[in-house]
Amino acid sequence: MSIWSQPTGSLIVDPTPTIKNYARIAGDGYYIRGLLRTLWLSLATTALAALLALPLSWWIVRRAGRFRGLILTLVLIPMVCGALLPTLGLMNLLGPLGVINGTLKSLGLIDRSWKLLGNQTGILIGLVHAFLPLMVLPLVSALDRLPRDVEGAAMSLGAKRLQVWRRIILPLSAPGLIAGSALVFCAALTSFVTPLLLGQGKVATFATMAYQQASLVLDWPFASALAMVMLAILALIGTAAWGAQKWAAET
Amino acid sequence: MVPPPMTSYLKIDAIGKSYGTTRVLHDVRLDVAPGDFTVLLGPSGCGKSTLLRIIAGLLDSDSGKLVLQGDDITALPAWDRDIGLVFQNYALFPHMTVAENVAFGLDMRNLPKAEIKARVAEALDAVRLGDLGDRKPAALSGGQQQRVAIARAIAIKPRLLLLDEPLSNLDAVLRASVRTELRDLHDRTGITTIMVTHDQAEALSIADRVVLMNEGRIVQNDTPEGIYREPASAFAASFLGSPPANLFPLPTASAAQTTGWTPPPAVAGHLGTDALLALRPEALKLTEEPTPHALPAHLKRIEFQGADRLAHVEALGHPLIVRLSDDQTLTRPDVWLTLPDTPRVFSKTTGALIAPATKG
Amino acid sequence: MRLKTVLWAAITFAVLAYLIAPIAVLIYSAFDDGKFFRFPPRELSLRWFREALASPEYRSAVLNSTILATIASVLSVAFGLMAALGLTRGPLRSRPIVEILLLAPLTLPLVVWAIALMQIYARLGLSGSVGGLILAHTIITLPLSVRILMATLSNIDPNLEDAARSLGARPLRAFARTTLPLAMPGVLTSAAFCFLISFNDVVVTTFIAGASWMTFPVRMYSQLRGQGVDPITLAIGAMIVALILVIVALGEARFKWSRRL
């Protein structure tokens, strides 16, 4: 459907095949900038999620013991509550009169509110929160499969703590890390509720553009073209992740 | 081969089965006499478990016919066959108590409550588990779980009891006692029983008839003694016994002469042909002095097994195992090996029996 | 060694706090008496909970969401169970292909689904209809229920049904008496997750629902887009989150949900 077109101001779809929609995406700086911004946000989300998920997953697998179920449940909360409810909480947490700014102000640490909403910071905080479980779950299952004795074995061979992490644990958890990264990246790339609400309409991402085209402008062929571009990126990420998994399995 | 029993309780008539292009059963024919304890014996992949599942009705055969007590049951579904089956992993229903497990089949037959209760108690008593009816299977030991599985199968008063490797999940100590119990139970109930196993000692000790299978075919159907003493093929000779029979390829006449061996007359005619001797370890004798027709051999090692001692020797370049008599001592590595006068001779290429000629 | 243990725990709890904070703030801010939330709050009260319970729009929206999620999750589990049975037990020759087809929606992002479904529905005249909405929710939840149920079924011994058959049970009865009761925890787990996904879905629903069938998340979403955070929304959100937390806690305690995903 993305290869059809729709004349401006009309709701009737012209079913002649055309690459007009794609040309529009490629030719208009607005969409290109939006695409780059989205890619950057997704990449940052993935990196932050990995950074937070690694120690957490490690702790869940090795130290949580009988609290494991409880902690995994807590991790799942953003997933089971859907996109909206945590976002609502985040708005009150990050807003100019919200919990963070309110606390800092009443402690006299800052005079003017930090701007945490309506910009990329807010969106990042929201995206990492929403998709952290997607990173933690595969990591936990990858770390679960790792025999308990490997660190001991590595240390008995003279490896220091940091070396154990770099040489043993990271490579062995690579499959989980790759899977988690692909999931988080794709989820962040296509998420539109979080950027729309936490960006307060000021930060356009690819998904919010598609949403606007489909729901507000009602140019469905163009919305489809935007969706197809996202799908193409996803396919690329999927293939890359698959290749990376194979590569990690071989080395 | 021994002719089939006169009366046939279960008739397996040319049952064939393939998975894709792999033929797992080649038109198998077997008659089971009423009240018999029959063991299907064979290496893994020989088709014995497939045959058991076909008899139970859990698997359809591609061709052939099953006749039970004169009724053709080939097309009858499993739930109408009245055949009890004990699974290798027992397949107890984990969400039901022991008593509920045993009652399941009676429940399916819509029997009155009081009768179900009585028959459950009877079946549990038969396997000496009378007091464990309220437990869940997970709370039982492996041996107890197995007895529940047997009780569940006999509670329906089956026309036939099938046992699929019933001893394979038990430890070695338990296995010997359960073997005796299974035979006792069979003798008490009189249920015609077919058991599948890959363990030849188990088969020999428990069965009325041993049906040896290999590569989807029945290769011999005989009494335990018959199959042990008169194996019909090199495969049967080498599959039964612990250790199994030595398969000794015969040298050419000139090679025998060079070593200084004059074979016994029954063997001499086969020298230089496509022939193997099947030699049971206990049928061979080792001496330090030559005897007539003895074969020069080299003693490599004596293995102590408690009740037995096994001598590992080499003769004409082939390894052989000899069971030593209790009081025998051997001091020299150069020994003489005495063969039985009329050993069983098989074809090296086909494994078929060449001598002595088959009876009947 | 000691210090390291403390450090690990500190990092872990910081991450957990980050995960929980928005939910905690949401519940907490619903108690703020003011029209606009501010921290520290001036006064705490149950005022907005009372107003939320009295609001007819929200009541109908929550009711709509509940009905939709119930039907969608029942359908999803029913189809999911059939698919999972076919995939784990049946003689399906093209298993890998079928599996990919069934699980594809899990990897395809909801926005893409939404845009696709919207256009298909427009052609079929299903746009804005309740039936179309139920179908869409069944489709987006199906992969999850297939996944959970496949994991459940692969842990149930297929011999049990054979045993039941050899004891005289017809196939349907054998299934109902052995596999089904044993699969119940998985069935309930997938039903609960499908319900939550469907109940909370904004993306697919905003794209394809008409104004006639306003679900709670859609109502909340348009409220947030239009007028910003409103205290009644907070109160309802807080109640729903609390309910979800209770369900999830029960699910974890009873069925070990975290191990089934």
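Because the structure is predicted, anything quoted here is derived from the model rather than measured. Order of the sequence lines sets the chain letters (A, B, ...), proteins ahead of strands, with each chain counted from 1.
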Are any of the side-chain heavy atoms of [X] and [Y] separated by less than 4.5 Å?
X: A:W58; Y: C:T12; value: no
X: A:L132; Y: C:V15; value: yes
X: C:F216; Y: A:L84; value: no
X: C:V203; Y: A:T190; value: no

At a heavy-atom separation under 4.5 Å, does [X] approach chain A through its side chain, its backbone, both, or neither?
X: C:A9; answer: both
X: C:L234; answer: both
X: C:V202; answer: side chain

(message) My understanding is that only residues two or more places apart in sequence, or in another chain, count here; which of them pass ring-ring contact (aromatic ring centres under 6.0 Å, His included) with A:F192?
(response)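 Once residues adjacent in sequence are excluded, the partners of A:F192 under the ring-ring contact (aromatic ring centres under 6.0 Å, His included) criterion are A:Y211, C:F207.
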(request) Taking all heavy atoms of C:P22 and all of A:H129, pick out the closest pair and write down the distance. (result)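 The pair with the smallest heavy-atom distance is CG-NE2, 3.4 Å.
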(message) Restricting to non-hydrogen atoms, name the atom on A:G89 and the atom on C:V25 that form the minimum distance, rounded to 0.1 Å.
(response)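 Scanning both residues completely, I find the closest heavy atoms to be O-CG1, 3.6 Å.
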Side chain / backbone / both / neither for [X] at chain C, heavy atoms under 4.5 Å:
X: A:I125; result: both
X: A:V140; result: neither
X: A:P78; result: side chain

Looking at [options], which has the largest count of heavy-atom pairs under 4.5 Å with chain C?
options: A:L90, A:L189, A:L93, A:V80; value: A:V80
options: A:P55, A:A130, A:A53; value: A:P55
options: A:I71, A:L94, A:L196; value: A:L196

(message) To the closest 0.5 Å, what do you measure between CZ (C:F193) and CG (A:L76)?
(response)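 Rounded to the nearest 0.5 Å, the CZ-CG separation comes out at 6.0 Å.
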(message) Return the CG to CG distance between C:L16 and A:L70, rounded to the nearest 0.5 Å.
(response)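 Rounded to the nearest 0.5 Å, the CG-CG separation comes to 9.0 Å.
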(message) Walk me through whether A:L85 and C:M220 qualify under side-chain contact (heavy atoms from CB on, under 4.5 Å).
(response) CA-CA 9 Å; A:L85 296 169; C:M220 191 164 124; 3.5 Å; yes
(message) Apply side-chain contact (heavy atoms from CB on, under 4.5 Å) to residues A:L88 and C:T233 and explain how you reach the verdict.
(response) CA-CA 9 Å; A:L88 188 58; C:T233 313; 4.1 Å; yes
(request) Using a cut-off of under 4.5 Å on heavy-atom pairs, state which of C:I11, C:I27, C:V241 scores highest against chain A. (result)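 Going by pairs under 4.5 Å, I would pick C:V241.
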(request) Between chain A and each of C:L224, C:N200, C:I240, count heavy-atom pairs under 4.5 Å; write down the option with the most. (result)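 Counting heavy-atom pairs under 4.5 Å, the top option is C:N200.
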(request) Provide the full list of ring-ring contact (aromatic ring centres under 6.0 Å, His included) pairs with a residue in residues 59-82 of chain A, sequence neighbours left out, each pair given once. (result)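 Non-adjacent pairs meeting ring-ring contact (aromatic ring centres under 6.0 Å, His included): A:W59-C:F13.
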(message) Among A:L74, A:I77, A:V75, exactly one meets side-chain contact (heavy atoms from CB on, under 4.5 Å) together with C:L19. Which residue is that?
(response)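 Among the candidates, only A:V75 passes.
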